[in-house]
Trainee: 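I have a structure I would like to understand better, so I am pasting it below and will then ask my questions one at a time.
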Amino acid sequence: MARWLGKVLPRAFYARDSRIVAPLLLNKLLESADGRVGRIVEVEAYCGALDEAAHTFRGKTARNATMFGPAGHMYVYFTYGMHWCCNAVCGKGEGWAVLIRALEPVAGLDAMRALRGTNDRDLCRGPARLTQAFGITGDEDGVDLVRGPSRFRITDDGRAPPADARASARIGISKAKDFPWRWSVPGNRFVSGSSKQA
DNA sequence: TGCGGGATTTACT
DNA sequence: GTAAATCCCGCAG
């Protein structure tokens, strides 16, 4: 049985609107059972039928079935021919989820460097980078983040979300790009995107 | 430091 | 057939 650095977030934490859950995930930890730990510094909410940019906007398919499943599971999808991205499923089966966009590396950096190279700032700065650093692939789609044998958990080590969390437009999408459903820790150098943005 | 374009495969139209 | 919730490298300034 793996030991986790922080307190594992309960199912009820996730079983809400992804726009509520997303900012609350800032400053939480993503942990793997083999000791890789990163602090969540950037997230985006995706909102099922409300949201043309969500994979679930047009209903259930084989690819997005996990996102319509129980909250607290991990939805992992493949994009651009080479990248995996990782979400926490939210709500009660509506097809809502929060995309984990960037982490500040906390522990297990050597294992991350082995997969990502030695530029520590870029280890987990971006949704496809962090999945590579943690070894997350389609094999992990649907695993439970709350209990069971899966290698991953999101935990709370007592640090509150930033009071001044920045809500801004989402990144890397062409539809519904004006909804301010991206949240980040202000000033954190591990947030993705241009180094100039606030 | 900042941009522009190629990589590469999956899922849906 | 084509666009995709991206990243990385090369080149210009």
Side-chain angles (χ1 to χ4, degrees), chain A residues 14 17-23 25-26 30 38 40-69 71 73-91 94-105 112-143 145 152 154 166-185 187 189-198:
Chain A
Y14 300 98
D17 189 312
S18 52
R19 290 164 292 181
I20 301 296
V21 176
L25 282 173
L26 293 177
L30 177 64
I40 298 171
V41 296
E42 183 182 353
V43 294
E44 282 179 2
Y46 286 87
C47 301
L50 306 176
D51 181 3
E52 201 176 352
H55 289 164
T56 47
F57 181 68
R58 288 185 170 79
K60 193 169 181 174
T61 66
R63 177 206 206 187
N64 65 28
T66 298
M67 208 166 143
F68 283 102
H73 287 240
M74 191 154 74
Y75 168 52
V76 182
Y77 69 89
F78 190 72
T79 192
Y80 288 98
M82 60 182 85
H83 296 303
W84 296 100
C85 296
C86 166
N87 301 247
V89 177
C90 296
E94 301 94 333
W96 297 341
V98 175
L99 171 67
I100 312 293
R101 283 196 61 88
L103 306 172
E104 175 177 343
M112 297 183 197
R113 291 186 189 108
L115 295 169
R116 287 278 319 144
T118 53
N119 181 344
D120 285 0
R121 190 187 176 215
D122 287 342
L123 283 178
C124 300
R125 189 170 65 96
R129 290 171 175 156
L130 70 92
T131 57
Q132 190 182 2
F134 276 71
I136 296 171
T137 70
D139 291 344
E140 316 291 342
D141 182 43
V143 304
L145 290 167
F152 302 97
I154 297 175
R166 255 275 199 275
S168 53
R170 291 177 294 179
I171 290 180
I173 58 177
S174 56
K175 298 168 190 165
K177 57 172 66 160
D178 294 330
F179 292 115
W181 292 344
R182 167 179 177 250
W183 285 267
S184 57
V185 177
R189 75 192 214 92
F190 296 95
V191 171
S192 76
S194 159
S195 54
K196 276 174 110 174
Q197 68 193 358

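A, B, ... follow the sequence lines: proteins, then strands. Residue 1 opens every chain. Predicted, not measured: the structure shown is a model, and the values here were computed from it.
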Trainee: Write out the stems for DNA chain B, ordered by first number and formatted as range with range, counting runs of at least 3 consecutive Watson-Crick or G-U wobble pairs under 3.5 Å.
Mentor: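 In DNA chain B, stems of three or more pairs: B:1-7 with C:6-12, B:9-12 with C:1-4.
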Trainee: Expressed in angstrom and rounded to an integer, what is the separation of A:N64 atom CG from C:dA4 atom C1'?
Mentor: 14 Å
Trainee: Over all strands shown, is A:D122 touching base, sugar-phosphate only, or nothing at heavy-atom distances under 4.0 angstrom?
Mentor: nothing
Trainee: I need the CG-P distance between A:N119 and C:dC7, as an integer number of Å.
Mentor: 13 Å
Trainee: Rounded to the nearest angstrom, tell me the gap between atom CD in A:E44 and atom P in C:dA5.
Mentor: 11 Å
Trainee: Choose from C:dA4, C:dA5, C:dC7 the nucleotide whose nearest atom is closest to any side-chain atom of A:S174.
Mentor: C:dA4
Trainee: Whole Å only: how far is the CD atom of A:E52 from the P atom of B:dC12?
Mentor: 16 Å
Trainee: Indicate yes or no: at least one non-hydrogen side-chain atom of A:T66 is less than 4.5 angstrom from one of A:Y77.
Mentor: no
Trainee: Quick one: which of C:dC8, C:dT6, C:dA5 gets closest to the side chain of A:Q132?
Mentor: C:dC8
Trainee: Could you give me the CA-CA distance, side-chain angles and deciding distance for A:M74 and A:L30, then say whether side chain to side chain contact (heavy atoms under 4.5 Å, CB included) is met?
Mentor: CA-CA 12 Å; A:M74 191 154 74; A:L30 177 64; 5.6 Å; no
Trainee: So, is A:T61 near the phosphate of B:dC12, with a side-chain N or O under 4.0 Å from OP1 or OP2?
Mentor: yes
Trainee: Would you say A:S184 and A:R166 are linked by a side-chain donor-acceptor pair, where the criterion is simply a distance under 3.5 Å?
Mentor: no
Trainee: In whole Å, what is the span from the CZ atom of A:R182 to the P atom of C:dT6?
Mentor: 11 Å
Trainee: In whole angstroms, how far is the P atom of C:dC7 from the CG atom of A:L123?
Mentor: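 From A:L123 CG to C:dC7 P: 13 Å.
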Trainee: Which value, rounded to the nearest 0.5 Å, describes the distance between A:F78 atom CZ and A:T131 atom OG1?
Mentor: 10.0 Å
Trainee: Can you tell me the distance, in whole Å, between the CE atom of A:M82 and the P atom of C:dC9?
Mentor: 12 Å
Trainee: Taking only the side-chain heavy atoms of A:R129 (C-beta and beyond), determine which of C:dA5, C:dC7, C:dA4 contains the nearest atom.
Mentor: C:dC7
Trainee: Which label fits A:F134 and A:F152: parallel for a plane angle under 30°, tilted from 30 to 60°, or perpendicular past 60°?
Mentor: tilted
Trainee: I need the A:D51 CG to A:R170 CZ distance, nearest 0.5 Å.
Mentor: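 So the CG of A:D51 and the CZ of A:R170 are separated by 4.0 Å.
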Trainee: Would you kindly check whether a donor in the side chain of A:Y77 faces an acceptor in the base of C:dA5, or vice versa, at under 3.5 angstrom?
Mentor: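 Donor-acceptor pair under 3.5 Å: yes.
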Trainee: Side chain of A:H83 only, please: which of C:dA5, C:dT6, B:dC12 is the nearest?
Mentor: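 When the side chain of A:H83 is considered, C:dT6 is the closest of C:dA5, C:dT6, B:dC12.
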Trainee: By nearest atom, which of the nucleotides C:dA4, C:dT6, B:dT13 is closest to the A:R58 side chain?
Mentor: B:dT13
Trainee: According to a strict under-4.0 Å criterion, is A:R63 in side-chain N/O contact with OP1 or OP2 of C:dA4?
Mentor: no
Trainee: What contact category does A:L99 fall into here, base, sugar-phosphate, or nothing, at under 4.0 angstrom with non-hydrogen atoms?
Mentor: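 If one applies the 4.0 Å heavy-atom cut-off, A:L99 turns out to touch a base.
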Trainee: Using a heavy-atom cut-off of 4.0 Å across all strands, would you classify A:A53 as base, sugar-phosphate, or nothing?
Mentor: base
Trainee: Any chance you could measure A:T79, atom OG1, to A:H55, atom NE2, to the nearest 0.5 Å?
Mentor: 6.0 Å
Trainee: Output the single nucleotide from B:dC12, C:dC8, C:dT6 whose closest atom is nearest the side chain of A:R116.
Mentor: C:dC8
Trainee: Can you check whether A:Y14 reaches A:V89 side chain to side chain, under 4.5 Å on heavy atoms?
Mentor: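 No, side chains not in contact.
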